[in-house]
Each structure stands twice: as C-alpha cells, then as structure tokens.
**Student:** 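Quick one: the structure is below, and I'll ask about it shortly.
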Amino acid sequence: MSEKARKLFDALDLNEDGQLTRVEVITALRSKGPTLAARGDLPLWAVGDVDASSALFDAADANGDEVLSFEEFAAVVDRRFGW
C-alpha cells in the first residue's frame, strides 16, 4: 500500500481515530480536496461532488460496516488513482 494512500487517509481522518466514516470522507474531500489536489496528494479529477465522494466510500467499504480501515481505503485508492 502506498505512502500516498496513507497521506490521503490521514488527511481525511478528521477526528484522527484511525478509520473513516462516510461523513468524514465527504466533508474532508469537499473542504480539503482542492488543496490536496494542488499539492499532488489527490488527483484533480477525484475532487468531486457529494455523490462522487459517497461512491468512493461505497467502493472502499469492502465489509459493509460503514467505516473504512486504512487497508480498505488503500486497496481502492491505490488502484483507482494509479498509485
């Protein structure tokens, strides 16, 4: 799993509890997405609307427990973002 995935996960983990909720992903991508993209920590095309952020969450939530571990998150973003 990539260092970029770890950096992005940590940026999206707003309450720093080691897992991501749907609300965290949507909120963080909406507020931090453009800055993350400008720094190269997120592809610019990945800065989307609420539906796109929610779809990313759904794609990563492999076990359906409504929270993302780093492993779930990294498996999807590494593949989807080409890292």
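Being a predicted model, the structure only gives us computed values, none of them experimental. For this chain, numbers begin at 1 and follow the sequence in order.
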**Student:** Measure across L29 and S53 and return the closest heavy-atom pair with its distance rounded to 0.1 Å.
**Tutor:** CD1-OG, 3.5 Å
**Student:** Using side-chain contact (heavy atoms from CB on, under 4.5 Å) as the criterion, list what pairs up with L14, not counting sequence neighbours.
**Tutor:** E24, T27, A28, K32
**Student:** Check which hydrophobic residues are tied to I26 through side-chain heavy-atom contacts below 4.5 Å, counting indirect links as well, and list them.
**Tutor:** V50
**Student:** Can you tell me which residue pairs pass the salt bridge (Lys or Arg N to Asp or Glu O under 4.0 Å) test with a partner in residues 35-45, sequence neighbours excluded?
**Tutor:** K7-D41, R39-D41
**Student:** Only counting residues at least two apart or in another chain, list the ones meeting side-chain contact (heavy atoms from CB on, under 4.5 Å) with A11.
**Tutor:** L36
**Student:** Among all residues two or more places apart in sequence or in another chain, which pass the side-chain contact (heavy atoms from CB on, under 4.5 Å) test with A52?
**Tutor:** D49
**Student:** Can you pull the ring pair (Phe, Tyr, Trp, His ring centres under 6.0 Å) pairs that have at least one residue in residues 11-32, sequence neighbours excluded?
**Tutor:** none
**Student:** Could you note down all residue pairs passing salt bridge (Lys or Arg N to Asp or Glu O under 4.0 Å) where residues 58-69 supplies at least one of them, sequence neighbours left out?
**Tutor:** R22-D58, R22-E66
**Student:** Excluding sequence neighbours, so at least two apart, what forms ring pair (Phe, Tyr, Trp, His ring centres under 6.0 Å) with F73?
**Tutor:** F9
**Student:** Which atom names give the shortest non-hydrogen contact between A5 and V77, and what distance separates them?
**Tutor:** CB-CG2, 3.8 Å
**Student:** Between E72 and N63 (side chain of the first, backbone of the second, donor and acceptor by atom type, cut-off under 3.5 Å), is there such a pair?
**Tutor:** yes
**Student:** Determine which pairs satisfy ring pair (Phe, Tyr, Trp, His ring centres under 6.0 Å) with at least one residue from residues 13-51, sequence neighbours left out, and list them in order.
**Tutor:** W45-F81
**Student:** List in chain and number order the residues that pass side-chain contact (heavy atoms from CB on, under 4.5 Å) with A37, two or more places apart in sequence or in another chain; answer none if no residue qualifies.
**Tutor:** L44, V47
**Student:** With R6, which residues qualify under salt bridge (charged side-chain N to carboxylate O under 4.0 Å, His left out), at least two apart?
**Tutor:** D10
**Student:** The test is side chain to side chain contact (heavy atoms under 4.5 Å, CB included); show your working for V67 and L20 and say whether it passes.
**Tutor:** CA-CA 5 Å; V67 294; L20 300 176; over 6 Å; no
**Student:** Can you check whether S2's main-chain N or O pairs, donor with acceptor, with D78's side chain at less than 3.5 Å?
**Tutor:** yes
